[in-house]
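Each remark here refers to the structure printed beneath this line.
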Amino acid sequence: MAAVAVLRAFGARGPICLRRGPWAQLSARFCSRDPAGAGRQESEPRPTSARQLDGIRNIVLSNPKKRNALSLATLKSLQSDILHDADSNDLKVIIISAEGPVFSSGHDLKELTEEQGRDYHAEVFQTCSKVMMLIRNHPVPVIAMVNGLATAAGCQLVASCDIAVASDKSSFATPGVNIGLFCSTPGVALARAVPRKVALEMLFTGEPISAQQALLHGLLSKVVPEAELQEETMRIARKIASLSRPVVSLGKATFYKQLPQDLGTAYYLTSQAMVDNLALRDGQEGITAFLQKRKPIWSHEPA
């Protein structure tokens with residue numbers, strides 16, 4: 001239950017319920033104790049939706065009328081959708097996308113007024129930070145599928161995902177400086193995705209960059225025509241879903257663990273990970289299948 005332990009460590013509480021079946025859709029209210037429902041009327045729709053099929057969970061920011069702003073309710077709903085059943089072998093990869101022409105406009109500025117107060121403001125940014133860290137610490141790869149504008153915390157969300165595929169009509173910005181609220185938290189993810197001088201130009205000017213510029217600077221993995229966006233994203237997701245979950249999970253964790261280390265430490269950590277990988281049942285199955293010239297049959301058994 002390692003992933004559940006991560007979820008609890010970052011403050012998620014209460015059960016998270018997912019209905020079974022083909023493209024099982026998350027319950028409209030989850031469970032009665034779902035944190036995403038806190039403070040909302042029962043009649044209000046959830047600001048995100050999620051469906052899962054063949055190991056691929058599709059999470060959709062589904063409040064286009066509000067430009068898919070990352071309100072506190074949206075952040076908590078997104079957190080629940082991402083981390084439900086994180087340890088299940090039925091889950092192999094997550095895709096985050098959005099309805100409408102704006103992927104996400106960032107935080108809901110109505111929640112950041114003086115009337116809300118400092119404690120509420122702190123909860124908004126702390127919750128957002130938890131969501132971004134939980135994406136990084138999640139045991140399966142998380143893919144952003146972007147078709148449109150991603151600004152401020154919306155750009156932060158894209159930068160926080162493991163893979164990001166965007167349409168050629170997409171653009172990205174951290175424009176907070178223009179309204180007197182510097183994009184400090186989006187800058188954390190941005191600075192880890194693009195070169196420092198690119199990040200600082202975006203942060204200091206607030207000016208948007210195109211999808212092609214974002215690809216050039218490393219914010220995106222791939223840019224495709226809008227008509228091909230879903231097909232290409234699903235191609236990547238299906239490829240990941242066809243592989244051994246524990247092998248991919250170990251690989252993701254090791255990649256991020258070694259990234260900030262010096263060269264010697266990085267090689268030490270990754271050498272140990274390779275040994276651990278060979279100890280996995282699927283590690284041996286993959287090698288045996290290759291030598292026998294057949295397709296591997298993954299057990300998905302954890303270490």
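Just so we're clear, the structure is a prediction, and the values are computed from it rather than from any experiment.
No donor-acceptor pair under 3.5 Å is formed between the side chain of E232 and the backbone N or O of L229. Formation of a donor-acceptor pair under 3.5 Å by the H138 side chain with backbone atoms of V140 is found in this model. At distances below 3.5 Å, not a single donor-acceptor pair connects side-chain atoms of D85 with backbone N or O atoms of S88. Formation of a donor-acceptor pair under 3.5 Å by the H300 side chain with backbone atoms of R245 is found in this model. Using a distance-only test at 3.5 Å, with no hydrogens or angles considered, a donor-acceptor pair links the side chain of T205 to the main chain of E201. Not one N or O on the side chain of W298 forms a donor-acceptor pair closer than 3.5 Å with the backbone of G286. Although no hydrogens or angles enter the test, the distance criterion places a donor-acceptor pair under 3.5 Å between the side chain of T288 and the main chain of Q284. With hydrogens and angles ignored, the 3.5 Å screen pairs no side-chain donor or acceptor of S221 with any backbone N or O of V165. Using modelled atom types, one side-chain atom of N68 and one backbone atom of V102 make a donor-acceptor pair closer than 3.5 Å.
In this structure, E285 pairs ionically with R294, as a charged nitrogen and a carboxylate oxygen lie closer than 4.0 Å. A salt bridge is defined here as a Lys NZ or Arg NE, NH1 or NH2 lying under 4.0 Å from an Asp or Glu carboxylate O, and R46 with D81 meets this definition. Using a 4.0 Å cut-off between charged side-chain N and carboxylate O, K66 and D108 make no salt bridge. Between E123 and K76 there is a salt bridge, since at least one side-chain N of the basic residue sits less than 4.0 Å from a carboxylate O of the acidic one.
At a threshold of 4.5 Å between non-hydrogen side-chain atoms, the residues L291 and I287 count as touching. With contacts defined as side-chain heavy-atom distances shorter than 4.5 Å, the pair Y120/L112 does not qualify. Residues Q212 and S210 form a side-chain contact, since some pair of their non-hydrogen atoms from C-beta on lies under 4.5 Å apart. At a threshold of 4.5 Å between non-hydrogen side-chain atoms, the residues V142 and K252 count as touching.
Taking a 6.0 Å sphere around CD1 of I297, one finds it holds 12 or fewer heavy atoms contributed by other residues, nucleotides or ligands. Within 6.0 Å of the CG atom in D262, the count of heavy atoms belonging to other residues, nucleotides or ligands exceeds 12.
A pairwise comparison of heavy atoms in P141 and V93 identifies O-CG2, 3.4 Å as the closest pair. Between M202 and A173, the closest heavy-atom pair is CE-CA, 4.1 Å. L149 approaches S171 most closely through the heavy-atom pair CD1-OG, 3.1 Å.
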Set out, in order, the CA-CA distance, both residues' side-chain angles and the distance that settles side-chain hydrogen bond (donor to acceptor under 3.5 Å, both in side chains) for T74 and S71, then state yes or no.
CA-CA 5 Å; T74 299; S71 65; 2.9 Å; yes

For a side-chain hydrogen bond (donor to acceptor under 3.5 Å, both in side chains) check, start with the C-alpha distance between Y256 and D162, then their side-chain angles and the critical distance, and finish with the verdict.
CA-CA 10 Å; Y256 287 120; D162 303 304; 2.6 Å; yes

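Ring geometry, H107 versus F125: the interplanar angle exceeds 60°, so the pair is classed perpendicular (tilted spans 30 to 60°).
Annotation: the span from E111 atom CD to E115 atom CD amounts to 13.0 Å, rounded to 0.5 Å.
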